[in-house]
Amino acid sequence: MSSSVLTTGFSEVRVRFAPSPTGYLHVGGARSALFNLLFAKHNHGKFILRIEDTDQARSTEESLQMMIQDLKWLGLNWDEGPNPETLKDMGPYGPYKQSERLDIYKKVADQLLAEGKAFYCFMTDAELEIEREKIKAAGLHTHVLSPYRNMSLADAQKKMAGGESAVVRLKVPDDEKDYNLHDFIRGDVRFPSDMEGDFVLLRSDGMPVYNFCCVIDDHMMKISHVLRAEEHLPNTLRQLMIYEAMNWTIPQFGHLSLVLDDDRQKLSKRKGAVSCDQFRLDGYLPAAMNNFMALLGWSHPEEKEILSLQEMISAFTLNRVHVAGAVFDRVKLKWMNAQHLRALPNEKIWKQIEPFLKEAGLNLPTDSDWQVRSVETFKAYMEVLKDAVALYSPLDDSKYEILPEASEAYAMEPTRAVLAAWKELVEAHPTETFTEADFLKIQDEVKAKTGQKGKNLFFPIRVALIGKPHGAELKILVPLMHKKSIIARAQKALEKC
RNA sequence: GUUCCCAUCGUCUAGUGGCCUAGGACACCUCCCUUUCACGGAGGAUACACGAGUUCGAAUCUCGUUGGGAACGCCA
């Protein structure tokens, strides 16, 4: 219940996912969003989407659209933020795009400047570089103390009036105190005070920088819990310093472990798909994606593995979040997708695979009875929706071809005789379609006629039907096919002998 | 280099001092089902990084070592 996770100063659980629209939605980001949503919903709180687009050079409208689309696809619905359809703000704490909040940041910076807690800094890149080198050589943590930190505001303004440009830096306290953070998933974390130098709040063009906006927005949007990836842990010190300078109530921080590649480095593009979009295109189900991502660092109290979003919400608590990094195992994801897929009713599965079949240009029957039967036949062979393409291709006559794998069958001596008998018996069949029993009967007749059995019997028949010696059970496949196409295929197979 | 974080099967994890000769899941192997394959079912192999301590008792607590990761920007 929300009361147990709230600290003083906060009346409801409010969490946010704050991506910057500079590319596709990464699965690591999606996982952060998911954990925030699970935590919010479990505690009857609000999940907020905030867009961090202060890096004007890299932020794009297109990327924002993509992220919103991916979040929608995953079903990670937010209570406040850009409306998923219109992109107009919804919720009482807007604007939710940082580029529209510039005057707010400016005002806070002015206050800090006036109070002497921040200052204008005129250091050039070259000077900064030299300073960093010196610090590095001394074996210290890279942080810069600006020589301008004690210049008066009036002097600085005079300098600027003369045309010099400056950034605004926070004047970090020089007392030797350590900063203690009680991270709600990692426990106590201690930052030494000299870990941080005077850091930038406002760039020389006046644009605010991440750590600054983040604190201001979290405060003004009444964010009670900041749940984000571990890479932000060092940022927390800077943010604590800003909270302190502003004398604002500090939210609870929690840092999630990283999602790793199989080489145990932060998940990156070079090892395969990392964008949600790509998983959608490959035929993964949002339910499976969410389930899998949740289990990267969280476990169900009863160790259940296949979970719906609703089940995850009701079971989600922070004390079951694991602190160590987790490797993104694509093989297990696939298995999990198959589990979710097979749990769906056949009609729903058809709906899901249909766009993939269309995309592949397959021409398949349109009656729903056939569709449902076909799904029943194939679903045990499908892990991702895209697998349907290869499975259904054999049913499209224009796609029938004898594959290289069939050479195994052609190498067998009795193949020709079996094929001939098969074709003959199919032609003699009185109706246009076949039941399972019809097929088995014909198969028996081929057996009787040729004296072949086992592999010698069914490999050739299989090739005559699907072009390869392995695949779905023929007795279920044949009822999905038409007599004339079976004959045409048998003819083709025979010609290969 | 500096600071911080982390450490149970190959992988995701359970485990909060005795229930652990460490449990589950994926993957792997064997068998069963099946006139192939897949699905399904039954079994198997595989892990507490190392070293000290605390304790009657340690995967669990403490310290150290080693290893891994992240961060050190006028990116977020």
Side-chain angles (χ1 to χ4, degrees), chain A residues 18-22 29 52-55 57-59 98 121 123 125 128 132 135-144 165-169 181 183 186-187 189-192 194-197 199-211 213-214 228-237 255 257-258 260 262-266 292 295-306 319-320 322-336 338-339 342 378-383 391 440 443 447 453-459 461-462 468-475:
Chain A
S20 59
T22 54
E52 310 222 329
D53 55 351
T54 55
D55 184 350
R58 294 198 304 152
S59 300
Q98 292 186 329
C121 173
M123 286 177 89
D125 286 347
L128 239 22
R132 289 202 181 102
I135 291 161
K136 216 169 178 182
L140 298 170
H141 186 70
T142 317
H143 65 287
V144 172
S165 71
V167 299
V168 174
R169 290 180 185 273
L181 170 70
D183 185 291
R186 319 189 94 78
V189 178
R190 173 167 296 123
F191 300 110
D194 62 353
M195 179 173 156
E196 204 47 71
F199 58 91
V200 173
L201 263 21
L202 255 39
R203 295 176 245 229
S204 50
D205 64 359
M207 279 303 269
V209 133
Y210 166 74
N211 283 298
C213 305
C214 182
R228 60 185 11 169
E230 189 191 326
E231 56 203 345
H232 286 290
L233 194 48
N235 281 324
T236 311
L237 174 56
H255 291 89
S257 64
L258 263 10
L260 312 172
D262 36 1
D263 57 2
R264 300 212 137 259
Q265 310 236 322
K266 209 164 99 175
F292 181 71
L295 260 21
L296 248 32
W298 175 77
S299 61
H300 187 275
E302 287 146 37
E303 286 198 77
K304 280 177 73 176
E305 298 240 18
I306 303 300
N319 61 350
R320 301 199 63 84
H322 204 235
V323 276
V327 174
F328 191 84
D329 182 354
R330 290 155 205 282
V331 177
K332 187 157 183 180
L333 203 214
K334 217 171 209 192
W335 168 81
M336 192 163 272
Q339 298 303 307
R342 289 179 198 136
F378 290 137
K379 67 178 171 187
Y381 297 86
M382 278 189 247
E383 291 190 296
L391 259 11
L440 292 175
Q443 203 177 37
K447 187 178 178 179
K453 58 179 183 174
K455 203 172 167 181
N456 284 350
L457 176 68
F458 58 75
F459 268 31
I461 295 179
R462 192 174 290 277
K468 57 182 180 174
H470 301 287
E473 268 191 89
L474 294 184
K475 65 182 182 189

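What's counted below: heavy atoms across the whole structure, side chains too, no hydrogens, waters or symmetry copies. Reminder, nothing fancy here: chain letters follow the sequence lines and each chain counts from 1. The structure displayed is predicted, hence computed values, not measured ones.
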Where do N or O atoms of nucleotides 46-50 of chain B meet protein N or O atoms at under 3.5 Å, pair by pair?
none

Just jot down the side-chain contact (heavy atoms from CB on, under 4.5 Å) partners of A:Asp263, sequence neighbours excluded, or say none.
A:Asp261, A:Gln265, A:Arg270, A:Lys271
By the 4.0 Å heavy-atom rule, please label A:Ser257 as base, sugar-phosphate, or nothing.
nothing
Polar side-chain contact A:Lys332-B:A25 base: donor and acceptor under 3.5 Å
yes
The side-chain contact (heavy atoms from CB on, under 4.5 Å) partners of A:Asn211 (sequence neighbours excluded) come to A:Asn235, A:Arg238, A:Gln239
Pairing check on B:A59: which nucleotide meets the Watson-Crick or G-U wobble criteria with it, both distances under 3.5 Å?
none
Regarding A:Glu303, tell me which of base, sugar-phosphate or nothing describes its non-hydrogen contacts under 4.0 Å with the strands shown.
base
State the pairing partner of B:G64; accept Watson-Crick or G-U wobble contacts with both distances under 3.5 Å, and report none otherwise.
B:C50
Expressed in whole Å, how much space separates the C1' atoms belonging to B:A49 and B:U8?
10 Å
Does a distance-only test, which skips hydrogens and angles, find a donor-acceptor pair under 3.5 Å between the side chain of A:Asn235 and the base of B:A71?
no
Could you list the residues that satisfy side-chain hydrogen bond (donor to acceptor under 3.5 Å, both in side chains) with A:Lys304, not counting sequence neighbours?
A:Glu311
Just wondering, do A:His255 and A:Val189 contact through their side chains at under 4.5 Å, heavy atoms?
no
Using the 3.5 Å cut-off, write out each protein N or O paired with an N or O of nucleotides 38-43 of chain B and the distance between them.
from, atom 1, to, atom 2, distance (Å)
B:A38, O2', A:Ala380, O, 2.8

Tabulate protein N/O versus nucleotide N/O from nucleotides 59-68 of chain B, keeping only pairs under 3.5 Å, one per line.
none

